[in-house]
Amino acid sequence: MKRKGLLIILSSPSGAGKSTLARRLMAWDETLSFSVSATTRPPRPGETDGKDYSFKARPEFEAMVAAGEMLEHAEVFGQLYGSPRAAITQAMQEGRDTLFDIDWQGGQQIKQAMAGDVVSIFILPPSIAELERRLRSRGQDSDAVIAGRMAKSQAEISHWAEYDYVLVNRDLDEAEAELKTILRAERMRRDRQPGLTDFVRGLNREFDER
Ligand code: ADP
Ligand code: 5GP
């Protein structure tokens, strides 16, 4: 019997490394499904429509929300972002875990809607100076955009205690290993192993037959 897929939420201040870590997790486990968010923000160089984000005009995005097609949605840095429901429902039914790179507002909404299926992880930068260095090193945002993101970092970080797990992304390999540990353990929780009851029944039959 297939287990229901988990919803794994990664949040952090912008630049702490969640996209990089999400890409590494996706490469590690091909069964993971990445929730491609819809957004009204313009694409960055190198981003592919339908892979990194689904880029939408505001009226199109608002129509999706009105039609109930978003599991959650929020305004971040003056742009709309949301997680389309269809792909998530399908992955859950197939027993595949879905990875979300979303902010605290989205994390809260998904937790409220599907509490038992959610694992939430907050990623902290080792320091604020390093956070700014990473935002600059990404080399894809203007000074004004970077300043705007830095200004919002403190507010995002203030939500750290609402998450199940918190990790500090100092070294990428270490952070990746920690994420894998969390995933492996969460998948082994008793209530997430639907085959266990039958398995133990089989063990008991063996006892009876001795
Ligand atoms: P986010 O998705 O949280 O906004 P990114 O994954 O885009 O952040 O990372 C921002 C920048 O920081 C990228 O250039 C990335 O390569 C770099 N980065 C991420 N993690 C680390 C790390 N542990 N050490 C050094 N640089 C990192
Ligand atoms: P960026 O523009 O840097 O890709 O993302 C900006 C912020 O929006 C990040 O904190 C990211 O996690 C968040 N975000 C991306 N997609 C979604 C989404 O679908 N819903 C919500 N609530 N936040 C999102």
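Keep in mind it's a predicted model, so treat the numbers as computed, not measured. Atoms within each ligand, like the ligands themselves, are counted from 1 in listed order.
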Identify the closest protein heavy atom to [atom]: which residue and atom is it, and at what distance?
atom	value
atom 22 (N) of ligand 2	Asp103 OD1, 2.8 Å
atom 7 (C) of ligand 2	Val76 CG1, 3.7 Å
atom 10 (C) of ligand 1	Gly15 O, 3.6 Å
atom 2 (O) of ligand 1	Ser19 OG, 2.5 Å
atom 3 (O) of ligand 2	Arg149 NH1, 2.5 Å
atom 8 (O) of ligand 1	Gly17 N, 3.2 Å
atom 7 (O) of ligand 1	Arg138 NH1, 2.9 Å
atom 23 (N) of ligand 1	Asn169 OD1, 2.8 Å
atom 12 (O) of ligand 2	Asp101 OD1, 2.8 Å

- Does the distance from a Lys or Arg side-chain N to an Asp or Glu carboxylate O, for Glu69 and Arg85, drop under 4.0 Å? no
Check: [X] N/O within less than 3.5 Å of ligand 2 N/O:
X	value
Tyr81	yes
Ser37	yes
Glu156	no
Ala74	no
Glu72	yes

- Query: Side chain, backbone, both or neither: which part of Gln105 comes within less than 4.0 Å of ligand 2 when only heavy atoms are counted?
  - Reply: neither
- Query: Using heavy atoms and a threshold below 4.0 Å, how should the contact between Arg44 and ligand 2 be classified: side chain, backbone, both, or neither?
  - Reply: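 Contact part for Arg44 vs ligand 2: side chain (C-beta onward).
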May I ask you to test the [X]-[Y] pair for a side-chain heavy-atom distance under 4.5 Å?
X	Y	answer
Leu179	Leu10	yes
Thr98	Asp117	no
Arg3	Gln193	no
Gln79	Pro42	yes

Linking I/L/V/M/F/W/Y whenever their side-chain heavy atoms sit closer than 4.5 Å, directly or via other members, would [X] and [Y] fall into one cluster?
X	Y	result
Ile123	Phe34	yes
Leu124	Leu172	no
Leu167	Leu183	yes

Going by atom types alone, do [X] and [Y] pair a side-chain donor with an acceptor below 3.5 Å?
X	Y	answer
Tyr81	Glu72	no
Ser120	Lys111	yes
Ser11	Asp103	no
Gln105	Gln109	no

- Query: Backbone or side chain, does any N or O of Leu21 fall under 3.5 Å from an N or O of ligand 1?
  - Reply: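 Among all N and O atoms of Leu21, none is under 3.5 Å from an N or O of ligand 1.
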- Min N/O separation Thr20 to ligand 1 under 3.5 Å: yes
At a 4.0 Å threshold, what atoms of ligand 2 neighbour a non-hydrogen atom of [X]?
X	value
Ser83	19 (O)
Gly106	22 (N)
Arg41	1 (P), 2 (O), 4 (O)

- Message: For His73, state whether at least one heavy atom is located under 4.0 Å from any atom of ligand 2.
- Response: no
Going by the order shown, which atoms of ligand 1 are within less than 4.0 Å of some heavy atom of [X]?
X	result
Ser14	4 (O)
Ser12	3 (O)
Ser137	14 (O)

- Is it the case that more than 12 heavy atoms not belonging to Lys4 sit under 6.0 Å from its NZ atom?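 Not more than 12 within 6.0 Å, no.
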- Message: Judged on heavy-atom distance to atom 22 (C) of ligand 1, which of Arg134, Arg24, Arg133 sits nearest?
- Response: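 When every heavy atom of Arg134, Arg24, Arg133 is considered, Arg134 comes closest to atom 22 (C) of ligand 1.
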- Can you figure out which of Tyr53, Phe77, Phe100, Trp104 has its heavy atom closest to atom 5 (O) of ligand 2?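 Checking each option, the heavy atom nearest atom 5 (O) of ligand 2 is found in Tyr53.
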- Take the angle between the ring planes of Trp104 and His159 and call it parallel below 30°, perpendicular above 60°, tilted in between. parallel
- Message: I'd like to know if the side chain of Thr48 reaches the main chain of Lys51, judged simply by a donor and an acceptor atom lying under 3.5 Å from each other, with no hydrogens or angles considered.
- Response: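 Here the side-chain-to-backbone pair does not exist.
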- Query: Within 45 degrees of the axis of the six-membered ring of Phe100 and under 6.0 Å from its centre: does Lys18 put its NZ or CZ there?
  - Reply: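 Checked: cation-pi criterion not met.
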- Determine whether any heavy atom of Arg170 lies closer than 4.0 Å to an atom of ligand 1. yes
